[in-house]
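Notes follow the structure.
This one's a predicted model, so the numbers in the text were calculated from it and none came from an experiment.
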Protein chains: 2
Amino acid sequence: MFEISDIILGALSKSPANGYQVRRRINSDFAHFQSVSTGSLYPALSKLKARGAITETGSANGSLDSRTFAITDLGRTMLRQKVQEAGAGERLRSDFLAAVYFSESAGPEETVRLIEERAGALNQEIRALLALPLQSMTNTERFTVRYALAVRRAGLEFLRHEGRAIATAIDIESRNNR
Amino acid sequence: MFEISDIILGALSKSPANGYQVRRRINSDFAHFQSVSTGSLYPALSKLKARGAITETGSANGSLDSRTFAITDLGRTMLRQKVQEAGAGERLRSDFLAAVYFSESAGPEETVRLIEERAGALNQEIRALLALPLQSMTNTERFTVRYALAVRRAGLEFLRHEGRAIATAIDIESRNNR
DNA sequence: CCACACATGTAAACTGTTACATGATTAC
DNA sequence: GTAATCATGTAACAGTTTACATGTGTGG
């Protein structure tokens, strides 16, 4: 299982960075499969340093309080091993599907609202993925982005095609039950 | 945010059940958006009971040690409210994409292995979704299953079409670098 | 000068999983 | 009789989020 510390290692495998930069890298470049908050970032950085997977080189950002981290050979070995041990699992937790699943009792407006909200979010995610520097990525990196795009586009298309239909269906059903 | 206890409430909104049955309902009928382990199930059931969202009727399973739970009116109100408050978020944590993203250093075999493993898992998930009793579902329930199917099929198709291509690309690249 | 981005960190709370522990029933 | 399924539960741990706390640099 990829933990936050492994993802951080991955972020630092590209180039050295300070904590803030690591966080931004993960929350933009890796946004299609991970995210981090400060609360897990800094403890994980300390842990990685203690293990020898990364080193801390002196602050490199002028007077701003900044620690710069770089991956070590040991860190690279650890990352490679993680990849070799990794399964191909994906864990999805969808508030959207849960809410829709139970939305019948709350009326068709709720279902429609949820579908529209999800469509909007998918749109934004697609834009963000398209804004990534696809040209300068490695083959495998680009592959993950294109996979994420394909999946999101399919979801969006489904919502656009079927969203209206279900609203009508619920509406008719509730009218018939009166 | 839908927590486990809300999902349990949703499961019990269909019909009364004991803990074991609730768990199976979630891990089969709701598998496309949630899962539960025993460690969270039983404490959550107790919490719901204490709050008055569910009641415990005497054991209804012969001599087997079994507690049967049923949703109350309060429970139904709570569930409806959850739906109304719910956002349309989806949180994905993909070991698959993480591993592929960082797999370049580990060689093309790893990338291919991951893609094949993911394809197999998607296939299984699709089968499981198709095995659900679509005919006897409500409109919104069926909608979630079809959405999940659309997304998984798109993922599988992408992997089938592009999986080979990327293996070749990495291979060529690594040969060129020699 | 004010707001926003940069930068680091901690503490409490929460949520959930894994593993363990136990035992009855059912199907082969 | 033995393996699988049914059934309940706890303890330890893992992982994370939220909120707090603090301060600098930059652009308008």
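Protein atom CZ of R24(B) is 16 Å distant from nucleotide atom P of dA4(D), rounded to whole Å. To the nearest angstrom, C1' of dC13(D) lies 12 Å from CD of E3(A). One can place CZ of R67(B) at 16 Å from C1' of dC6(D), the figure rounded to the nearest angstrom. Put simply, CG on L45(A) is 10 Å from C1' on dT8(C), counting in whole angstrom units.
Using a 4.0 Å heavy-atom criterion, one finds that I4(A) contacts the sugar-phosphate atoms exclusively. Among the protein residues, R23(A) comes within range of no part of the nucleic acid, since none of its heavy atoms lies under 4.0 Å from any strand.
For residues 31-39 of chain B, proximity to DNA chain D is found at T38(B), G39(B), defined as any non-hydrogen atom under 4.0 angstrom from a strand atom. Taking a 4.0 Å limit (strictly below) on heavy-atom distances, residues 84-101 of chain B reaches DNA chain D at R93(B).
Legend: residues meeting side-chain contact (heavy atoms from CB on, under 4.5 Å) with V22(B), ordered by chain and number and at least two apart, are I8(B), A11(B), L12(B), A17(B), I26(B), L41(B). Scored by the salt bridge (charged side-chain N to carboxylate O under 4.0 Å, His left out) test, K49(B) finds E56(B) as partners (sequence neighbours excluded). F143(A) meets the ring-ring contact (aromatic ring centres under 6.0 Å, His included) test with F158(B); sequence neighbours excluded. With sequence neighbours left out, R164(B) forms a side-chain contact (heavy atoms from CB on, under 4.5 Å) with E116(B).
Here the nucleotide nearest the side chain of P43(A), chosen from dT17(C), dT10(C), dT8(C), is dT10(C).
Pairs of residues two or more places apart, or lying in two chains, that qualify as salt bridge (Lys or Arg N to Asp or Glu O under 4.0 Å) and include a residue from residues 147-160 of chain B are E125(B)-R152(B). Under the salt bridge (Lys or Arg N to Asp or Glu O under 4.0 Å) criterion, no residue pair touches residues 25-40 of chain A, with sequence neighbours excluded.
Proximity of N18(A) to the phosphate of dC6(C): no side-chain N or O atom is located under 4.0 Å from OP1 or OP2.
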Acceptor/donor pairs from residues 99-109 of chain A side chains to any protein atom, 3.5 angstrom cut, sequence neighbours excluded:
residue: S103(A); atom: OG; partner: V100(A); partner atom: O; Å: 2.7
residue: S103(A); atom: OG; partner: T111(A); partner atom: OG1; Å: 2.9
residue: E104(A); atom: OE1; partner: T138(B); partner atom: OG1; Å: 2.8
residue: E104(A); atom: OE1; partner: T140(B); partner atom: OG1; Å: 3.0

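Judged by distance alone, with hydrogens and angles left aside, the side-chain atoms of S46(B) form a donor-acceptor pair with the main-chain N or O of Y42(B) at under 3.5 Å.
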